Asks: 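Structure below; questions to follow.
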Amino acid sequence: MDSTNESDLYRKLARREFLTRAASGTVITALAGGLYVISDGLTREAKAQSRDDGRPRLPPGQRVIERLKPMGGVPGDPSRGNFKLRVHGDVDNPFELDFAELLAMGPVTRRADVHCVTGWSVLSAKWKGVTLKALAERAGMRSTARHVIFEGASGYTANVRVREAMGDDVMVAWELDDRPLRRPNGAPVRALVPDLYFWKSSKWLTGIRFTKRDHPGYWETRGYHNHADPWKEERYG
Ligand SMILES: Nc1nc2c(c(=O)[nH]1)N[C@H]1C(S)=C(S)[C@@H](COP(=O)(O)O)O[C@H]1N2
Ligand SMILES: [Mo]
């Protein structure tokens, strides 16, 4: 650990907790004004587990941290009052929703793991939102739609195959661990596509567009993999 950060860490963590973690070989880093614990214990535990679909719980090359690390981006308007979500493209009934109308669609809560391409994973976070499947049904998505483009503020986009976006843990989410999303994590609403690298989960979501053709997004056109399967380590294109 970087010793220059040590006094800072003491201030933020109870001394006893700090010593316990240090003794157990946990790596603690202070980054971007926050404190992030890379837990060797949780990483080891996760490595011993497998998922219901048979894949290992932890994709290769990942380490577990305890909470999301805000990874930046150009934030949108965080206010729920101003929120509008446009669902459009290859659909019979394009529509726009405000926050109350989104809530009224019937939220679901899911536990999901997320995996950032930079090497951290957060396990079992509790997300509340509306499934993409419900939004696609409401819009009358056409059978010709093959891709979903998650449109974030300031032109950020991420492309996901429709086939992979209809799972019941792919959603448009506004709560994380029983709290409203914080602005750095995409408030008021973000996409969540847990089984692809986390850049596919557009923050500050403004639109969902269904398309026939593929439209590689912000990171996909900057050297990252078009598909982004963490278990295949599809990091770079
Ligand atoms: N609109 C928008 N969404 C975005 C990004 C971004 O820059 N802008 N970054 C992506 C990347 S690279 C990651 S790893 C995750 C990080 O989410 P977090 O900041 O909540 O941890 O958001 C993704 N969604
Ligand atoms: Mo990322």
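When a residue number appears, it is its place in the shown sequence, counting from 1. As a basis for the values below, the full set of heavy atoms in this structure was taken, side chains included, without hydrogen atoms, waters or symmetry mates. Predicted model, so just to flag it, every value in this text is computed and none were measured. Ligands are counted one by one from 1 in listed order, and the atoms in each one are counted from 1 as well.
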Asks: Any idea which protein heavy atom is nearest atom 7 (O) of ligand 1, and the distance to it?
Replies: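 Checking every protein heavy atom, the shortest distance to atom 7 (O) of ligand 1 gives G73 CA, 3.3 Å.
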
Asks: Looking at side-chain heavy atoms only, is the closest gap between L97 and R138 below 4.5 Å?
Replies: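 Yes. Closest side-chain heavy atoms under 4.5 Å.
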
Asks: Quick one: does NZ or CZ of R55 land under 6.0 Å from the six-membered ring centre of W231, within 45 degrees of the ring axis?
Replies: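 Satisfied, under 6.0 Å and within 45°.
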
Asks: Please check if the distance between the ring centroids of W174 and F99 is under 6.0 Å.
Replies: yes

Asks: State plainly whether the residues R51 and D195 are in salt-bridge range, i.e. N to O under 4.0 Å.
Replies: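 Looking at D195 together with R51, the answer is yes, because their closest N to O distance falls below 4.0 Å.
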
Asks: Can a salt bridge be assigned to the pair D113 and R57 using a cut-off of 4.0 Å between side-chain N and carboxylate O?
Replies: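 Answer for the salt bridge query: yes.
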
Asks: Which protein non-hydrogen atom lies closest to atom 14 (S) of ligand 1, naming both residue and atom, and how far is it?
Replies: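 Of the protein heavy atoms, C116 SG, 3.5 Å lies nearest.
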
Asks: Please work out whether any backbone atom (N, CA, C, O) or any side-chain heavy atom from C-beta onward of S154 is under 4.0 Å from ligand 1, and answer side chain, backbone, both or neither.
Replies: neither

Asks: What atoms of ligand 1 come closer than 4.0 angstrom to any heavy atom of P184?
Replies: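 Near P184, the atoms of ligand 1 are 19 (O).
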
Asks: Using a 3.5 Å cut-off on N or O atoms only, is W219 in polar contact with ligand 1?
Replies: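 Looking only at distances, the answer is no, because the N/O contact criterion of under 3.5 Å is not met.
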
Asks: Of the backbone atoms (N, CA, C, O) and the side-chain heavy atoms from C-beta on, which set of W204 has a member under 4.0 Å from an atom of ligand 1: side chain, backbone, both, or neither?
Replies: side chain

Asks: Considering only protein heavy atoms, which is closest to atom 24 (N) of ligand 1, and at what distance to one decimal place?
Replies: S201 O, 3.0 Å

Asks: Does the distance from a Lys or Arg side-chain N to an Asp or Glu carboxylate O, for D168 and K133, drop under 4.0 Å?
Replies: no

Asks: Please determine if R190 has a nitrogen or oxygen closer than 3.5 Å to a nitrogen or oxygen of ligand 1.
Replies: yes

Asks: Would you mind checking which non-hydrogen protein atom is closest to atom 1 (N) of ligand 1, with the distance to 0.1 Å?
Replies: K203 O, 3.1 Å

Asks: Look at atom 11 (C) of ligand 1 and say which protein heavy atom is nearest, naming residue and atom and giving the distance to 0.1 Å.
Replies: W199 CA, 3.6 Å

Asks: Between Y197, F150, F198, flag the one that comes closest to atom 16 (C) of ligand 1 by a heavy atom.
Replies: F198

Asks: Determine whether any heavy atom of P70 lies closer than 4.0 Å to an atom of ligand 1.
Replies: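 Yes; P70 lies near enough to ligand 1 that a heavy-atom distance drops under 4.0 Å.
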
Asks: Name all residues meeting the salt bridge (charged side-chain N to carboxylate O under 4.0 Å, His left out) criterion together with K212; count only those two or more places apart in sequence or in a different chain, and write none if there are none.
Replies: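 Residues passing salt bridge (charged side-chain N to carboxylate O under 4.0 Å, His left out) with K212: D90.
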
Asks: Counting each atom of ligand 1 from 1 as listed, which ones have a heavy atom of S202 under 4.0 Å away?
Replies: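 Numbered from 1, ligand 1 contributes 3 (N), 24 (N).
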
Asks: Which one holds for A158 and ligand 1: side chain close, backbone close, both close, or neither close, with close meaning a heavy atom under 4.0 Å?
Replies: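 No part of A158 comes within reach of ligand 1.
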
Asks: Is T118 close to M71 at the side-chain level, that is, under 4.5 Å between some pair of heavy atoms?
Replies: yes

Asks: Under 4.0 Å, heavy-atom basis, I'd like to know which part of W120 is in contact with ligand 1: side chain, backbone, both or neither.
Replies: side chain

Asks: Is there a side-chain hydrogen bond (donor to acceptor under 3.5 Å, both in side chains) between Q62 and H115? Walk through the geometry before answering.
Replies: CA-CA 7 Å; Q62 298 295 113; H115 311 288; 4.5 Å; no

Asks: Select one of side chain, backbone, both or neither to describe which atoms of Y156 lie under 4.0 Å from any atom of ligand 1, heavy atoms only.
Replies: side chain

Asks: Between D177 and R179, is there a side-chain N and carboxylate O pair less than 4.0 Å apart?
Replies: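 Looking at D177 and R179, the cut-off is not met.
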
Asks: Would you mind checking which non-hydrogen protein atom is closest to atom 21 (O) of ligand 1, with the distance to 0.1 Å?
Replies: K69 O, 2.7 Å

Asks: With a 4.0 Å cut-off on N to O distance, would you call K200 and E220 a salt bridge?
Replies: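 Here K200 pairs with E220 in a salt bridge, since their nearest N and O are under 4.0 Å apart.
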
Asks: Applying a heavy-atom cut-off of 4.0 Å, say which part of L68 lies close to ligand 1: side chain, backbone, both or neither.
Replies: side chain

